Engineer: 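The structure's right below; bear with me while I get my questions together.
The analysis underlying the following values was restricted to heavy atoms, covering all of them including side chains, and did not include hydrogens, waters or symmetry mates. Note that the structure is a prediction, hence the values are computed from the model and not measured.
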Amino acid sequence: MARDYYGILGVAPKATDQEIKRAYRKLARELHPDVNPDESAQARFKEVSTAYEVLSDPEKRRIVDLGGDPLQQGGGGAGGGFGGAGFGGGLGDVFEAFFGGGGGGAARGPRGRVQPGADSLLRTKLTLAECATGVTKTITVDTAILCDGCTGSGTHGDSKPIRCETCGGAGEVQSIQRSFLGQVMTSRPCPTCRGAGETIPDPCHKCGGDGRVRARRDITVKVPAGVSGGMRIRLAAQGEVGPGGGHAGDLYVEVVEQPHEVFVRDGDDLHCTIRVPMVDAALGTTVTLDTILDGPTEITVDAGTQPGSVSVLRGHGMPKLRSGVRGDIHAHLEVVIPTRLDGKQTKVLQEFKNHRDRDQAEVVSTGSQNTGGLFSRLRDAFSGR
């Protein structure tokens, strides 16, 4: 199971990079072995450092936000010694917490201009009928695409990137700071090239050297039959193009199912309410129901139907995703008692009552009553009552 890296640092999933960094610095100052020698604090310190390593890396954080665990997918593991994976990228994250810079040791080197693109998410509204039948929709997306002026190189014409003069191509600049641990050499991304190790003296006039531009485009999405609200459809490589023309991330289209005027959906089953006059409930009748996929369908109301009865149409509900099997329609029957009677109607009912003198009002236990509307019955069914 994926670890809750946000919970380890005590931040919300929508926390900014600065909020994550502040939370890590605060915890590191409290749990650092030189400050708190307790063994449980040291274990907690390793855990906090690992969480910061993951959430401070855009690609690893993206995996976490999609429900995965980058350290369980070959991205390293927790634990280890003082300079091991349990402290993120060695001592660097520790010194970052105290001094705001990277750790000493071997230089990480330039990160390169070409970076993978981020995933994108948008939502599309579908009616219940569209969810039942499937639909092909054209959606408009606004994402970064490859710059057609430089095809991702970021340069203008025949010009080429050159080595950064500030960092000498290392992508980092170093400084020495004093601390209670002695002199510490810290490293930061080069402010001139932003860690790429190279600069573009003559950038592309269209993208400004980024290798990508924002554009609005139309994409066709095939929605399969049986989808429901909250489901996501993945369109590979249709997300954001990365800096420097890096390969595009994925686009996820999330389904927002619109309420239906008649049916309430429960998985693959549909529920509706049919109001039946008292006389029809007593004598029996048929009711025509306009179903989603099968058109008008007759429902038989048996003679003597009681309030709260349910008539089930097997196989007339929603299709199961990527399957020919379908759910059911549950028609909840509500018997309607007239509230106003004229003299003739009152007389007829009185004569009927006289012929049914054995029918008497009685008090029964609350548990034997079947009361409440459709939604209360659904609630009771889901709660196991």
Side-chain angles (χ1 to χ4, degrees), residues 1-21 23 51-75 114-147 152 207 210-260 265 267 318 320-322:
M1 181 176 292
R3 283 172 286 185
D4 182 9
Y5 294 106
Y6 291 104
I8 292 173
L9 291 180
V11 297
K14 294 183 179 180
T16 64
D17 293 343
Q18 289 299 320
E19 290 172 339
I20 291 173
K21 182 178 293 186
Y52 177 72
E53 174 199 6
V54 171
L55 297 181
S56 61
D57 185 303
E59 182 63 20
K60 291 179 181 178
R61 185 175 181 181
R62 181 182 69 84
I63 295 174
V64 171
D65 292 341
L66 292 176
D69 190 335
L71 300 188
Q72 295 179 6
Q73 301 179 17
V114 181
Q115 297 291 319
D119 293 339
S120 299
L121 172 67
L122 59 82
R123 295 172 176 84
T124 184
K125 296 180 180 179
L126 298 180
T127 64
L128 185 62
E130 289 174 329
C131 290
T133 61
V135 65
T136 298
K137 299 201 74 174
T138 300
I139 58 176
T140 301
V141 297
D142 187 353
T143 60
I145 64 172
L146 191 68
C147 175
C207 67
D210 193 34
R212 56 182 183 168
V213 294
R214 298 205 68 83
R216 182 167 294 179
R217 54 200 170 100
D218 292 334
I219 295 179
T220 300
V221 182
K222 293 183 178 180
V223 181
V227 297
S228 59
M231 288 186 176
R232 293 182 178 182
I233 302 168
R234 174 176 173 266
L235 301 178
Q238 293 293 336
E240 298 273 348
V241 168
H247 65 81
D250 299 330
L251 173 65
Y252 291 87
V253 180
E254 185 174 291
V255 174
V256 178
E257 184 177 302
Q258 300 292 90
H260 193 270
R265 184 173 181 177
M318 298 292 288
K320 295 183 182 295
L321 193 62
R322 299 182 180 87

Engineer: Is there a donor-acceptor pair under 3.5 Å between the side chain of D119 and the backbone N or O of L251?
Structural biologist: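 Side chain of D119 to backbone of L251: no pair is present.
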Engineer: What is the minimum heavy-atom distance between Y5 and P70, and which atoms define it?
Structural biologist: CE1-CD, 4.3 Å
Engineer: Is the shortest heavy-atom distance from the side chain of E53 to the side chain of K60 under 4.5 Å?
Structural biologist: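 They are in contact (side-chain heavy atoms under 4.5 Å apart), so the answer is yes.
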Engineer: Do L321 and P224 come within less than 4.5 Å of each other through their side chains, counting heavy atoms only?
Structural biologist: yes
Engineer: Output the distance between atom CD1 (I145) and atom SG (C207), rounded to the nearest 0.5 Å.
Structural biologist: 11.0 Å
Engineer: Could you check if a side-chain atom of Q238 sits within less than 4.5 angstrom of a side-chain atom of T143, using non-hydrogen atoms only?
Structural biologist: no
Engineer: If I take atom CZ from residue R212 and atom CD from residue Q115, how far apart are they, to the nearest 0.5 angstrom?
Structural biologist: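 Rounded to the nearest 0.5 Å, the CZ-CD separation comes out at 10.0 Å.
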Engineer: To check you understand the geometry: which heavy-atom pair defines the closest contact between I8 and A51, and what is its length?
Structural biologist: CG2-CB, 3.8 Å
Engineer: Compare all side-chain heavy atoms of C147 with those of V241 and state whether any distance is below 4.5 angstrom.
Structural biologist: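 C147 does not reach V241 side chain to side chain.
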Engineer: Taking side chain as C-beta onward, heavy atoms only, is K222 less than 4.5 Å from I233?
Structural biologist: no
Engineer: Between the side chains of R61 and D17, is the shortest nitrogen-to-carboxylate-oxygen separation below 4.0 Å, so that they form an ion pair?
Structural biologist: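 Looking at R61 together with D17, the answer is yes, because their closest N to O distance falls below 4.0 Å.
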Engineer: Tell me whether R3 contacts the main-chain N or O of D69 through its side chain, where contact means a donor paired with an acceptor under 3.5 Å.
Structural biologist: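 Not a single qualifying donor-acceptor pair exists.
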Engineer: Closest approach of G239 and A248, non-hydrogen atoms and distance?
Structural biologist: O-CB, 4.0 Å
Engineer: When you compare the side chain of T124 with that of V221, does any pair of heavy atoms fall below 4.5 Å?
Structural biologist: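 They are not in side-chain contact.
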Engineer: Considering all heavy atoms of both residues, which atom of I20 and which atom of Y52 are nearest to each other, and what is their separation?
Structural biologist: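 Closest pair (atom of I20, atom of Y52, distance): CG2-CD1, 4.0 Å.
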Engineer: State the CG-CD1 distance between L122 and I139, to the nearest 0.5 angstrom.
Structural biologist: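 One gets 4.5 Å once the value is rounded to the nearest 0.5 Å.
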Engineer: Can you give me the closest heavy-atom contact between L146 and G152, atom names plus distance?
Structural biologist: CD1-CA, 3.7 Å
Engineer: Can you tell me how far the OG atom of S228 sits from the CD atom of E257, to the nearest 0.5 Å?
Structural biologist: 6.5 Å
Engineer: Once rounded to the nearest 0.5 Å, what's the spacing between atom CG of L9 and atom CG of D4?
Structural biologist: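 Rounded to the nearest 0.5 Å, the CG-CG separation comes out at 9.5 Å.
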Engineer: Judged by atom type as modelled, is there a donor-acceptor pair below 3.5 Å linking the side chain of E240 to the main-chain atoms of G117?
Structural biologist: no
Engineer: If you count the non-hydrogen atoms of other residues, nucleotides and ligands that lie under 6.0 Å from NZ in K125, is the total more than 12?
Structural biologist: no
Engineer: Please tell me if the side chains of L128 and R265 come closer than 4.5 Å, counting only heavy atoms from C-beta onward.
Structural biologist: yes
Engineer: Rounded to the nearest 0.5 Å, how far apart are OG1 of T127 and NE2 of H260?
Structural biologist: 7.5 Å
